[in-house]
Number of protein chains: 2
Amino acid sequence: MATQQTDGRRLTIREVAQTLGVSTATVSRAIHGRGRISPATRARILRQLEQLGYTPNLHAQSLARQRSMAVALEYLGEVEVLSDSFLVELARGVQKSLVPHRYRLLVNLTGDQEYRRSVLRQWIRARVVDGVIVVANPCIDVDWLAALAEEGVAAVWIAYDAPDPTPPRTAVVQLDLSTGWSEAVAYLRECGHRQVGYLGAYPDDPALAIIHSVAECCGLQLAPLIFAHSEMPADGYEATVRLLQHRPLPTALLARTDLLAFGAMQALQQHGVRVPDEMAVIGHDDLPIAQWMNPPLSSIQIDYAQLGRSAVELLMRLLSNPDEPPVPSRVATRFVPRRSSAPATPPQRRR
Amino acid sequence: MATQQTDGRRLTIREVAQTLGVSTATVSRAIHGRGRISPATRARILRQLEQLGYTPNLHAQSLARQRSMAVALEYLGEVEVLSDSFLVELARGVQKSLVPHRYRLLVNLTGDQEYRRSVLRQWIRARVVDGVIVVANPCIDVDWLAALAEEGVAAVWIAYDAPDPTPPRTAVVQLDLSTGWSEAVAYLRECGHRQVGYLGAYPDDPALAIIHSVAECCGLQLAPLIFAHSEMPADGYEATVRLLQHRPLPTALLARTDLLAFGAMQALQQHGVRVPDEMAVIGHDDLPIAQWMNPPLSSIQIDYAQLGRSAVELLMRLLSNPDEPPVPSRVATRFVPRRSSAPATPPQRRR
DNA sequence: CCTCGTTGCGTAAGCGTTTACGCAACTCGC
DNA sequence: GCGAGTTGCGTAAACGCTTACGCAACGAGG
């Protein structure tokens, strides 16, 4: 079918128009269905375009309309080896929602925070992307996000709480951590746990406050609080070894992140603490790998598809009518119990 | 610093040229350092550009030079949830090598094989990418890759063996599976294993032939061969349950992929087969998560950075001199022993 | 039959770069 | 002091598309 130019050149709209005996304007109108064109001509041209195998040059298109039809996904925080499972799941959710809008997704996977921020800035200024979706983890970096808004780009933030004054052209999808953690905490309480430890990476993480409040609500004591150097499993391991010094030892451990939980489980097991009998472990994000751990890791699930959908929907709205103030959106989380937090044979104190 | 246009418009080269009192040509020459320009003017203009905060519009640039400065990474085969850890690691390696060449990387994470192929085709024809890197897994789909070459795009294949006639503008990075598997097989032999099972997803996977030959070399019997429906852990689980019917049961299991190994380990453990005492397990790809499994999974490591570097180097060469026939490249693999294949207390037969 | 509004399409001016070409103003060897 | 070669820069034509504008042709209403 598709007629090929053998010399590596592609067909241009001018050539196509010429062979079809119409003007370039008509071809363009046929392609986009915008402007005044008779349905008959349009159908005919579309059919012939298909035959010729013509594809418009995207750069020319982006230049002429002032839109690149691409958005960037950026993770505010250090992306290191493996810590991006979360990012990939999210990217997939976002990309899937982007397809019907004919938008592409750009993700930068490498470099440290500073470098990636500068790349994003370049992309915005060079008109590579029309909008950005920013995962603000653990906290909203208000200054930087304001600077982003200054660039005049449409932005959607995925965050744990909405910032007070939202900059222009900016919308927020709130990832509601309280739902999932409430379920988890209630579950633990029901299993007879009284004191649960917390393993996180940042003392100022909004998640900590949320967890603290839902635990209190439930009559659970949240202690001790242990902080790892980063959200990588290795640091979770190291922090958990420190946790083991504490007395009394909690009977359950809430890890801010699955990755931290992975490290924690290994530390516990290597130090002879049986999971879940002596210590229940619960993670967060429900990475696909969680169910394949030994024991399978209980975790708090994020509906990535929904998260992506909400973010994209808001972004598209910002792009089409820049002035209408966007309504914020909210996505709930859900506790998924697995064996790592199974109701223990009556919770035994260690030694 | 960076002077902002408050109305969302960006500075154009024309405006910049005007305020600096030079022509657009001079500004362009200053930016790229190509063409005849005095070092003094160049330095002055660069300094002033920095102050003005000017960034060239990438679409205009791509249109004028006939280059998009982007390459696509495509995984030939089904990408499903999680199966892309491999892809992400590779993407990271590629992207890192791309940075000094000022190229961007595009990856499509969603959709089935057919859809993704059509997207890639679009990207090529729409001039979104100048070149592609294709991971041919498990086999080289010669027809499709030839069709790709027809599009006149520079292409690098990452494959397990080089195809006979390489199409024009195409280079191959051979991922040499034999080195890693040889080490693994030798290790198992040394630990006293005699019969090892194989768990893969495709009977025609070149890897199987390679493993078969290195096992034979070593005096190891490779049996039984078990095939899962896909490379997902769940299917590895299911296939391993089938494996457990076989008699005599092998004392070790070679999984084609870490993901399959994850499923296999869970199946073994849930059926009371202790790893590694009763069954050693070895995976492939050494995903970052492998070391956090319980027991930590022995695996065969791919040097993703090197793989990415080789692919990018070949691609850049193809892009700069399209006629010079490229030399193929080869990347070795390496066995990483962990506890899942630890020398067993004298290998015990089950029951 | 004339006017007016509508419809379908072509013409051409952008969009923001790069770069071939041309033209002064130098440098240099004689 | 003069032609030839070099250097530094400006002019303007691409690159391939979109779209405002204009102009026939046409239908309808008087």
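Just so it is clear, the values below take in all heavy atoms, side chains as well, and ignore hydrogens, waters and symmetry mates. The chains referred to below are lettered A, B, ... by the order of the sequence lines, with proteins before strands, and numbering in each begins at 1. Because the structure is predicted, anything quoted here is derived from the model rather than measured.
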Closest non-hydrogen contact found for A/Ala149 with A/Pro168 is CB-O, 4.2 Å

If you compare all heavy atoms of B/Ala159 against all heavy atoms of B/Ala136, which two are closest, and at what distance to 0.1 Å? CB-CB, 4.2 Å

Give me the atom names and distance for the closest heavy-atom approach of A/Ala17 to A/Thr24. CB-N, 3.7 Å

B/Glu313 bridged to B/Arg309 by N-O distance under 4.0 Å: no

To the nearest Å, give me how far apart CZ (A/Arg127) and P (C/dT17) are. 11 Å

Compute whether any side-chain donor of one residue and acceptor of the other, for B/Arg14 and B/Gln18, lie under 3.5 angstrom apart. no

Taking only the side-chain nitrogens and oxygens of B/Tyr54, find out if one of them lies under 4.0 Å from OP1 or OP2 of C/dG16. no

Taking atom types as modelled, find out whether B/Arg47 and B/Gln51 have a side-chain donor-acceptor pair closer than 3.5 angstrom. no

For DNA chain D, which nucleotides open and close the run of contacts to chain B, 5' to 3', at under 4.0 angstrom from a non-hydrogen atom? D/dT7 to D/dG16

What parts of residues 55-70 of chain A reach DNA chain C, counting only heavy atoms under 4.0 Å away? A/Leu63, A/Ala64, A/Gln66

5' priority, DNA chain C, between A/Arg42 and B/Thr12 [closest heavy atom]: A/Arg42

Which atom names give the shortest non-hydrogen contact between B/Ala154 and B/Leu318, and what distance separates them? CB-CB, 4.0 Å

So which heavy atom on B/Val129 is nearest to which on B/Ala72, and how close? CG1-N, 3.8 Å

With the side chain counted from C-beta on, respond yes when A/Val88 and B/Leu87 share a heavy-atom pair under 4.5 Å apart, and no when they do not. no

Proximity to DNA chain C (any heavy atom under 4.0 Å), residues of residues 26-36 of chain A only: A/Thr26, A/Arg29, A/Arg36

Taking all atoms of both residues into account, what is the closest heavy-atom pair of B/Arg104 and B/Leu98, and its distance? O-CD2, 4.0 Å

Rounded distance (Å) that lies between atom C1' of C/dC15 and atom CZ of B/Arg10: 15 Å

